[in-house]
Visitor: 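Below is the structure I would like to discuss, written out as structure tokens.
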There are 2 protein chains.
Amino acid sequence: MGRPAALSRELIVDAAANLVAEHGAEAMTARRLGEALGCDPSALYRHYANMDDLQREVGDRFLAAVHVAPRRGESWVAAVRRICVELRAVQLHQPRLAVLVRAAPTRLANELRITEALLRELRRGGFDPAQVAAAYHSLIELTVGAAAIDATMAAEPAAARRRAYREWRAHYGTLDPAEFPNAVAVAGHLYEGSADDRFVFALDALLLGIRVTAQNGAPSVP
Amino acid sequence: MGRPAALSRELIVDAAANLVAEHGAEAMTARRLGEALGCDPSALYRHYANMDDLQREVGDRFLAAVHVAPRRGESWVAAVRRICVELRAVQLHQPRLAVLVRAAPTRLANELRITEALLRELRRGGFDPAQVAAAYHSLIELTVGAAAIDATMAAEPAAARRRAYREWRAHYGTLDPAEFPNAVAVAGHLYEGSADDRFVFALDALLLGIRVTAQNGAPSVP
DNA sequence: AGTCGTTTGTCAACACCGTTGACAAACCGC
DNA sequence: GCGGTTTGTCAACGGTGTTGACAAACGACT
């Protein structure tokens, strides 16, 4: 009963996803979305409590691109690595949306799918439940967190990115050696390679640390 | 020459920092800042190109709270750990400001100070320059990234936080065991303890992985 | 002393943003 | 046909960053 709905959550989230894919996440405003849908901006509030609600669903829609199916012959470490790398890639493409996804777990379809897959692989690794949970949180914090940091630069073209990295390196190199001896000493290696390389290094180190911790227990730190 | 300046970058950044400390980072708008300074909002643009410029400086000012001086008898691992934990604590208090600090290195005074200290401790650990840079980037991505994720919840009172964690745990536990067997299995351990605990676990694992990697080289992943 | 150029703050305005409350259109069951 | 309910429209509110024209206030030069 009631007036027949011309809009629906699905129609809205579709249009919003298109808008984001074409014009970037900052284009997803109530007014532009209303224009794309041919309706008044305020009509959206009949289907979503507020724009954050909608953004959360759009964000989850983009997570559909992450493939979590296990591959034959793949170790659990390799699977976790692959899932995290893919998750990062998706988040780098939609920096603004990632903000909301990472504030709190949305527990929407695709996020649950990824969570389940990561937990599956970690359990395959032989950890006990508490270790699995701790490892999962570590991986998510690094993966999603690093994506948050890198997203801004990832939006730039590759040439601009390399130029920026080179400038930063150079800047650290020209600091006062009396005040910043260590920065000057390693300046040549800061921001070396791609952000993806740096992430994978961190990810591998974290995975290694998780494995060693599970075997030996947490090492003591004097 | 010219009309004498009533404002200055220092006066502005002082007022902005006070505003943020008292009313939160979202209170740092041009109009409220103008009101606090007794000037027109547009006067700010004589001293800063835009609000992002100003936010970056205010963000760096808050980093002054991070103590990086070496302590006697403290191992390099303990020092790195301590600096990262302090850095995280500061970022958790100013979530909005952290957004800008983490988009790209500001290379302002306090950020440089922290960078120098982390590099100092890592070099004390006996790594070669390339390893120091890689380790530094890993630590920053985890520390600042995790702070970005946790900042939203950290703004809530502790009771609300614990309630949210409990709800999430419960939600994972009530998922369909056929579709999400692993989530159901470890649900009881997800979001266990505090966000700080989870961060320290990840940080220790990462530090351990970095040390092992430097000793043995990167492990192969089948 | 008067004028010029420069710096700096003021004012009004522009173009946005999310969101709300009153209203009208369009359906269902009665 | 008459209510009740749902759904979209419209106008508006209060907020945001930012800009361009203008005026005040100085130092320097004639």
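Just so it is clear: chains get the letters A, B, ... in the order the sequence lines come, proteins before strands, and each one is counted from 1. The structure presented is a predicted model; accordingly, all values stated were derived computationally and were not measured. The basis for the numbers below is simple: all heavy atoms, side chains too, and nothing from hydrogens, waters or symmetry mates.
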Visitor: Taking CE from B:Met51 and P from D:dT18, how many angstroms apart are they, rounded to a whole number?
Guide: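 For the pair B:Met51 CE and D:dT18 P, the rounded distance is 7 Å.
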Visitor: Which sits closer to the 5' end of DNA chain C, A:Ala49 or A:Arg32, going by the nucleotide each is nearest to?
Guide: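 It is A:Arg32, whose closest nucleotide lies nearer the 5' terminus.
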Visitor: What is the separation between atom CG on B:Asp40 and atom P on D:dT16, rounded to the nearest whole Å?
Guide: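 Spelled out: CG on B:Asp40 to P on D:dT16 is 14 Å.
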Visitor: Under a 3.5 Å cutoff, is there a donor and acceptor pairing between the side chains of B:Ser42 and B:Asp40?
Guide: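 Note: B:Ser42 and B:Asp40 side chains meet the donor-acceptor criterion.
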Visitor: Select base, sugar-phosphate, or nothing to describe what B:Ala43 touches, counting heavy atoms under 4.0 Å on all strands.
Guide: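 Base contact - B:Ala43 has a heavy atom under 4.0 Å of at least one base atom.
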Visitor: Could you check whether the rings of A:Trp76 and A:Phe127 sit parallel, tilted or perpendicular, using 30° and 60° as the cut-offs?
Guide: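 Ring orientation, 0 to 90° scale: perpendicular.
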Visitor: For residues 4-24 of chain A, which residue pairs qualify under salt bridge (charged side-chain N to carboxylate O under 4.0 Å, His left out), counting only residues two or more places apart or in two chains?
Guide: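 Qualifying pairs: A:Arg9-A:Glu57, A:Asp14-A:Arg61.
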Visitor: Rounded to the nearest angstrom, tell me the gap between atom CG in B:Asp52 and atom P in D:dG17.
Guide: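 One finds 10 Å between P of D:dG17 and CG of B:Asp52, rounded.
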Visitor: Compare all side-chain heavy atoms of A:His189 with those of B:Val132 and state whether any distance is below 4.5 angstrom.
Guide: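 When only atoms from C-beta onward are counted, B:Val132 and A:His189 do not touch, as no gap falls below 4.5 Å.
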Visitor: Quick one: on DNA chain D, does B:Tyr45 or A:Pro4 contact a more 5' nucleotide (nearest heavy atom)?
Guide: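 Taking each residue's closest nucleotide, the earlier one in sequence belongs to A:Pro4.
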Visitor: Reading DNA chain C in the 5' to 3' direction, which nucleotide is the first one with an atom under 4.0 Å from a heavy atom of chain B, and which is the last?
Guide: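 With heavy atoms of chain B under 4.0 Å away, the range is C:dT6 to C:dA13.
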Visitor: If I take atom CD in residue B:Gln55 and atom P in nucleotide D:dT16, what distance separates them, rounded to the nearest angstrom?
Guide: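 Going from B:Gln55 (CD) to D:dT16 (P), I get 13 Å.
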Visitor: Does the D:dG15 base have a donor-acceptor partner in the side chain of B:Arg31 within less than 3.5 Å?
Guide: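 Flag unset: no donor-acceptor pair detected.
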Visitor: How are the rings of A:Tyr165 and A:Tyr191 set relative to one another: parallel (under 30°), tilted (30 to 60°) or perpendicular (over 60°)?
Guide: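 Correct class here is parallel.
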Visitor: Below 4.0 angstrom, N of the basic side chain to O of the carboxylate: do A:Asp150 and A:Arg198 qualify?
Guide: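 No, this pair does not count.
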